[in-house]
Amino acid sequence: MAETFPWLSWLIFFPLVSAALIALLPARAERTIRLWATLASVAELAFALPLWWRLIPGHPGWQFAEHRSWLPGLGSSYSLGADGISVPLVLLTVILTAVAIVGAYNAVEKRPREFYALLLALESAMIGTFFARDLLLFYVFWEAMLVPMYLLIGVWGGPRRVYAAIKFFIYTMAGSVLMLVAILWLYFLNRSVTGESTFALDAFYRLPIAPATQVWLFLAFALAFAIKVPMFPFHTWLPDAHVEAPTAGSVILAAILLKMGTYGFIRFAMPLFPVASAQLTPWIVGLALIGIVYGALVAMVQPDLKKLVAYSSVSHLGFVMLGLYALNAQGMAGAMLQMLNHGISTGALFLLVGVIYERRHTRLIADFGGLWKPLPVFASVFLVILLSSVGLPGTNGFVGEFLVLLGAFRTNVWWAVIAGTGVILSAIYMLWMFQRVMFGPVKHPENERLSDLSMRERLVFAPLLLLVFWLGVQPQPLLDRMQPALDRTLALVRERTAVSERMAETQEPLPQTKEPMLVVPARGIR
Amino acid sequence: MPLLWIIPALPLLAVALNLLIGDRLGRRGTAVLAVGSVGLSFAAAVRAVMALAARPEHERAITETAYTWMRVGDFSADVAFLLDPLSAVMALVVTGVGFLIHVYSTGYMAHDAGYRRFFLYLNLFMFSMLTLVLADNFLLLFVGWEGVGLCSYLLIGFWYTRPSAVEAGKKAFIVNRIGDYGFILGMLTLFAWGGSLQFERLFAAAPHVFAVGSAVITAATLLLFLGATGKSAQLPLYTWLPDAMEGPTPVSALIHAATMVTAGVYMVARCHVLFDLAPAALQTVAVVGAATALFAGTIGLAQNDIKRVLAYSTVSQLGYMFFACGVGGYGAGVFHLMTHAFFKALLFLGAGSVIHALSDEQDLRRMGGLARRLPWTHGTMLIATLAIAGIPPFAGFFSKDEILHAAFASGHYGVWIAGLLGASLTAFYMFRLYVLAFRGASRLTPEAEHHLHESPPSMIAPLVVLAGLSVVGGWIGPPMMEGGHWLARWLRPVFETGTHGHEAAHHVSRGVEWTLILLSVAAAAVGIYAAFRYYLQRPELSTRLREQYAALHALFSNKYWVDELYDAVVVAPIHRGSLRLWRFWDEKIVDGTVNGVGYVFEGASAVLRLFQTGFVGTYAWFFTLGVVLLVAQLVRR
Amino acid sequence: MTAALDTIPLAWTLGLSAIVFVIGVVGVLVRRNALVIFMSIELMLNAANLAFVAFARSLGSLDGQVFVFFVMTVAAAEVAIGLAIIVNVYRLKETVYVDEINLLKG
Amino acid sequence: MTLVLFVAFAAVLIGCSLMTILHRNPVTSALFLVLAFCSLAGLYLLLHAEFLAMVQVIVYAGAIMVLFLFVIMYLNLKRDVEHGLQFALRRGAGWLLGALLLAEAALLVGRRWSGGPVTQTAEALPAIGNTQALGQVLYTRYLFPFEITSIVLLVAMIGAVVIAQGRGPKVGATEKPNS
Amino acid sequence: MNAMVPPPLIAADWWALGPTIALSAGVLLLLLLEFVPSRPNSSRAALVSLLALVASVIAILRVRDVKRSLFEGMFVHDGFTVFFTLLFCGITALAILQSWDYLKRTRLHRAEYYPLLLSATLGMIVMAASSDLITIFLGLELMSLALYVLVGFRRSQLESSEASLKYFLLGAFASGFLLYGIALLYGATGTTQLARIAQFLGDSAALKSPLVLAGGLLLLVGFAFKVAAVPFHMWTPDAYEGAPTTVTGYMSAGAKAAGFAALLRIVIVALDGVQADWRPILTWMAILTMTVGNVTALLQTNLKRMLAYSSIAHAGYVLVALVAGGTDGASAALFYLAVYSLMNLGAFGLLALLGRQGEERVLISDLAGLGFRQPLLAIAMTVFMLSLGGIPPTAGFMGKVYVFGVAVKAGLIPLVVVGVLNSVVSIFYYLRVTVAMYMHEAHGEPVEVAWAIPSTIAVLIALALTLYWGVQAQGLLNEAQRSVLGLL
């Protein structure tokens, strides 16, 4: 792995630099701005794609790792790494960012410069979050994501955008600050055991933690992630944020930001605190199952398309959580797939909603009806995406959903029995919505002369449709890439469970040390 | 190698081409593409089956693996195809009947605006159905299973501007989904205990891992059967099929009569090894099948829509197939599946021809006397009606007789009586249909009268072919052949694996067998006679009957109010509950708590601001209070 | 505490200083006239001074007295500025009552 | 003798202090404060701080209090009106805290204090507080604070000028409050 | 003893005294320059003040690694002093850059402004640099007196005068307590030198003497007032709101830092032995300060007032570091104060730009629509607000990490949890600023922004440092840590 070129850093900072450059363009030059933004996102995509081939299959550890000193006094370092878990998610990120940028050409009427700059900055933060291998660095990226997203919702959003933006920001932050406390606790715990000041994830992976301590740490981490996921009952920010966000914002929010939560579980919460995780499994799985059913039921009665999709996300992410907590190969792989699937299909759904919103400036189901007639291509694309979301075999949604159910079933039959009802319910709410929007006679005359998907829009959906079928028909290459990392995570969980359970039931949470928090090289004192 | 993957791939290719260059093909090109692909597919199937037949009996199973679909941990599923006698029968029926119906459709849909879309869906359906039939594992079968469901959804709602069609499509999909839920859970159970979803491996392992009658296998098979009831419109999930008649008639013929709805039967037959291990499940299959046969038959008595009558008859016939399987007569079930495909497809196509001729009139009460005006349609329809009624030597007679024989021979007398009763009912309502449509005086609207014409050759030709099949189709399975008839022998390699508990029971004496045949023919004859008497000779009798048994008639014509019941018990409460869940629980309680926290802080802020009076005295007072409290800390110590 | 009759016990002086200090505090709390409040503050400062002197006496060190000297200087400076401020407020608002001066609040 | 004087001065001090904060007329208050300061000077004398006693009378009672009186006269202040429930409440609250504070002090002082230089009574070092010694330390040990004090006085000067300067040039007089 | 002649000063001592000398000289020079007539809106005074500050910085940097105790500890020169001297000089320099144009625009351009500013800075430096209660008191009074005047500098405006009056009366009131505390401590230990107090407490059983404890407490009250800790905070919003905006910025940063500097030195050098007695009190004070500050800020409409409450809350965060105690806590407090000063000054500096001649446009709604019309201002303001709220990648985040880190290390998890939750509450009102700027359109005439070169420089410096310390704080962390080692 003698990587000389800091590839991952390049991936992280290229969009940021592009954002800065775009911000310097004159505000009037909208065409140039769009062009640059598109080029930047496509270039980023081109830079990221080789990750797919260059990821060494069967290699469970970090690849393309980078390590640089950052805050030596604290022991935090700028260290990055990729593996089979993060690479697919990063690829999803770059693809959807590009798609969102191209998709937003017409939607963003005011201040495209700032809009695109923020979107690219957001991309940087998201990629950084996936690649960070140092907890403090991770936290920095994690929180940094909030700001651009907040502005995207707040400035370019709908009528209640301010409320939604603030709610999004504060709710998410409320969860994550406790994680910061837990990170610090972990840091000192590690220091008291090993004497080493470090925020490195790998070091924490080796740290034995007493079960009693684990519970608190896990809860702090889990809250942050559960809000992001969002798990029932922490989900109410999501419908608000989605409804108010501009299309590109919704796309990114649904496709990537929500994955941060589940990524956090798989990368941090579960392997670091396996005993606590196991102890709390009934609660988490319970919430996931409630989320599946609840999200679907509530989605069913939504009058607003975006809200419907938002609640469906709650349901889908419930599947992901269920898969993770099945704690077996199938469940984990299914959960990972489901993360990607949800990114693709829900991202596409938001784009689709954006397409008609651009044309009609409404998202209420009741304002549509009979759209198939004027918009056959649009309707067909919508149908395919919708079926992927419903999990029809042959599309990506099925593979993930089935693997999750399989994993869950093998852990606990009843989990799968309850989760399976989501299969029925998702069909109900999606098809009913589709029926009301697309079928029947054209109820509103203004819908009659809507224009169908333009070339650009078709171009936007093409990669997503491709992914839908490719992952549905041939998921194995992806599975092969993820498996080693997932196996490592599973092994880590087992191993650490064993280690922790050998420890004494109670351990002094933090043995006090006299040495200072900061290790600073002394300067000569005369 | 017979290249099995070609069979489903051809229609898929047609779909792709249709999507990509369909707009440049024109109607003719589209038709050629669609029909041609299915025809080629049929040819490929024939070739493959011949290759299969050329093999010695016990090597008649060809597996072809295309690639690994997914492999995670110890779970793996391939995209692999299996051709054995059972799937061979299915493949031939599907491609054969499918081809005919494609041909028919070119005429029937000739003036529809959605011509290209129609064939797109239809080809997609062929692909899915063939995948279903040829899959060598449950997961791939499920791909086809859901795929046909999707196509069914799309085709039922083909005329999407009609709300009723759209509603019917959605209903079909959702009801099927309920079945699929069972199917998925069944698959999960099988994998969790059986260790594989590949048919061969699973069936080989099944007798070793599952004890006969154990809870696991019973649950698994019942769950699979739940899937089958959805797909094959059995109680309690049959309600979508009659509504599905909103689709174009060729669709009804292909999907909702000949092929897709029989998928459940095929699946049960395919899994006979498993069902044999679960007697309770088998019993359930038999009872549900028989009950459905009878139940749907009674509803069929009172329907006036020509396609609805046929739909209920389909439900009823499917019931026959299931109870055949339930009593262990898998071969009989498959036999009936095949013959039913011929005559029911014919019936639908014939009905379609009538509808087409009458400018989309479907109500039997506004038909009559069409025999002379539509001679080809009338002739073929009569053959089909005789076939379904079970009159020898038409196809239906042989298969239905075999089913009843199997029921009787295996000792399921109750089921047998139900079957006999059902046969009589079938004959009655089918001939009622026949009489109302083709005999008697014309009750046509003047407008329909004006446009009345016989269908074009592209529609008549398939009718004729199917009529031929409806006549001769049953002859491959004559009763009382030594060592089983031809079809049974062909299927033997499939059905003789697993347990053999039911084989012995099949042997009853010739005398009994003859009696059974006579009884069933007599039952049919009674039905036919009654139909002629009540609807042709003395129509007023039927009116009187209807008045005498008004309650019963209401029950039948309103389909036992099952739709209304489901609506009131399941749909409406869920909808209402969800609304409440959203409006009250989600917005008021969950989100209310979140916002409540915000309000609490705002309130606290307002209160704290009150302390900030702007008066120096207040400030000093709180300052001093602080001092007092701090010093109090010392004093306390 | 001590045998010498002409020596004042420290506790007495301290007690006295505490009483005067508290009187000063109470004055700040109960009055509305800025000038009187200011005078009360002067009382507090002087109470502190008394404590210093008393301690200096009992410790036998000069530091306390020096401290008092500095305090007096500072107090003088404070009075100069404080009175200027009060006069300025009076000029603008025609009042020295602190409960009439609450433009800023909340 | 000393004790008697102490008690006398203390009584006057307390009485005058009380009158300062109780009397409604600011002029009277100020005058009582002068008296209090004088008695404080007396106490300083008793405590052998002669220089301080002198400064107390000259600077405090003299200069500072004159300034006070001057301002009171200048502003032409009348008797403060403080009736009504509001003021009663404020008085009650104020006295309550005062009482609490005093009670706490008493409780603290009432305890036995251990060790400390407090117990080294002053007999050993009589009459140290003479002016000469004070002057000496002020310019040696306390040179730095002394210099700071000079700046403090400078600031007081500047400050008083800034704020109390006559109407003179209207500094920002046209501004309108806008918040 | 009284005849003792102090040891002569060596060269390094003069450099160490450099800032005090340079600032005093600056004050005098400025006053003298008034006799030399100048153009009406001359920048002479500001330049001279900056020169004095530069001289101070140069002087102290020459001897930054030297440790000296002068005048028997009344002026000590150690890392702590150097850190705070640099901090105060920086704060003052920024404040001068911000005032440069503001004074002219608001017609406050009077000769006395800069001398007062420099005197206050001198007072702060004395507070931080002295290890004797006498000089600490004098430094505090010097600073306070100058600030009383500066707060009331808009003397023709009632708000300003009222603010000044309130600040003054309460400040004097607090001084009384502080003084009484010093007296008690002096009485209990016989000295005002911190080192000797520590010595005395170290080798005697007087540790638990109520005099020591009460004295310490009253001392705490005095400084808690200066740093605006609850319940001694109530003057803060009024004084901040009424004062000229640049003065508000200056005092919010400088006075608070100075108060903490003195408090830290006292706590670390003198009262280390009574840590355990202080801890619960400080804990509660920290909790109350954070919570009251943040919660009350939620509903404010005036930005200055909101930032005043925010500054109260930030005092609470620093108190958390104090509760953690030891060099860890002190170093965290130093770091946080530096960061806080920077971002707060930055925010107030931006507020000072708003409004035409003489107007004060500091309502949150006044910012409406500024986001895209004034990108630099809006971006800078956003960064400062996010930094105040502790969002990465800004310096405020690193500050929170460090402060809460040392608290976690000390095992104060509940306190830290309260702290982080408070930062969540706080983000609500910080976001309101960005909401106004980016998400609301201006009603009526939009507020004017008066850019000038000096203030722009000030904004850019603050912005750059806030971001730089957000991504690479190691340098400042090192300084904060080194500065608290081996206090004199």
Out of [options], which one racks up the most heavy-atom pairs below 4.5 Å with chain C?
options                       : answer
D/L154, D/L96, D/L77, D/V162  : D/L77
D/I64, D/V7, D/T149, D/L52    : D/L52
D/L101, D/L43, D/L138, D/V152 : D/L138
D/V55, D/I148, D/L18          : D/L18

With only heavy atoms counted, which part of [X] is less than 4.5 Å from chain C, the side chain, the backbone, both or neither?
X      : value
D/I163 : both
D/A63  : neither
D/L13  : side chain
D/M157 : neither
D/Y60  : side chain

Taking all non-hydrogen atoms of both residues into account, name the closest pair between [X] and [Y] and its distance.
X      : Y      : answer
D/L102 : C/A18  : CD1-O, 4.0 Å
C/S40  : C/G24  : CB-O, 3.3 Å
C/V53  : D/Y44  : CG2-CE2, 3.7 Å
C/R31  : D/I21  : NH1-O, 2.8 Å
C/Q65  : D/L134 : CB-CD1, 4.1 Å
D/F146 : D/Y139 : CZ-OH, 3.3 Å

Quick one: which of [options] has the most heavy-atom pairs under 4.5 Å with chain D, could you say?
options                    : value
C/V66, C/V36, C/T73        : C/V66
C/V87, C/I19, C/N33, C/D99 : C/N33
C/V25, C/T13, C/I37        : C/T13
C/A75, C/G82, C/A77        : C/A77
C/V68, C/V30, C/V74, C/L29 : C/V30
C/F69, C/F21, C/F38, C/F70 : C/F70

- Stepwise side-chain contact (heavy atoms from CB on, under 4.5 Å) check, C/V20 with C/N46: CA-CA 8 Å; C/V20 176; C/N46 277 282; 5.7 Å; no

For [X], is it the side chain, the backbone, both, or neither that has a heavy atom closer than 4.5 Å to a heavy atom of chain D?
X     : answer
C/V96 : side chain
C/L16 : side chain
C/Y90 : side chain

- D/V137 side chain reached by C/D63 side chain, heavy atoms, under 4.5 Å: no

- Would D/M19 and D/T28 count as a side-chain contact (heavy atoms from CB on, under 4.5 Å) if you check the C-alpha gap in whole Å, the side-chain angles of each, and the deciding distance to 0.1 Å? CA-CA 8 Å; D/M19 286 314 287; D/T28 324; over 6 Å; no

- Message: Tell me whether the rings of D/F32 and D/H23 are parallel (<30°), tilted (30 to 60°) or perpendicular (>60°).
- Response: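 Aromatic pair D/F32/D/H23 classed tilted.
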
- Item | Aromatic ring pairing D/F6/C/W12, orientation class (parallel under 30°, perpendicular over 60°, tilted between) |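 Plane angle between 30° and 60°, so tilted.
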
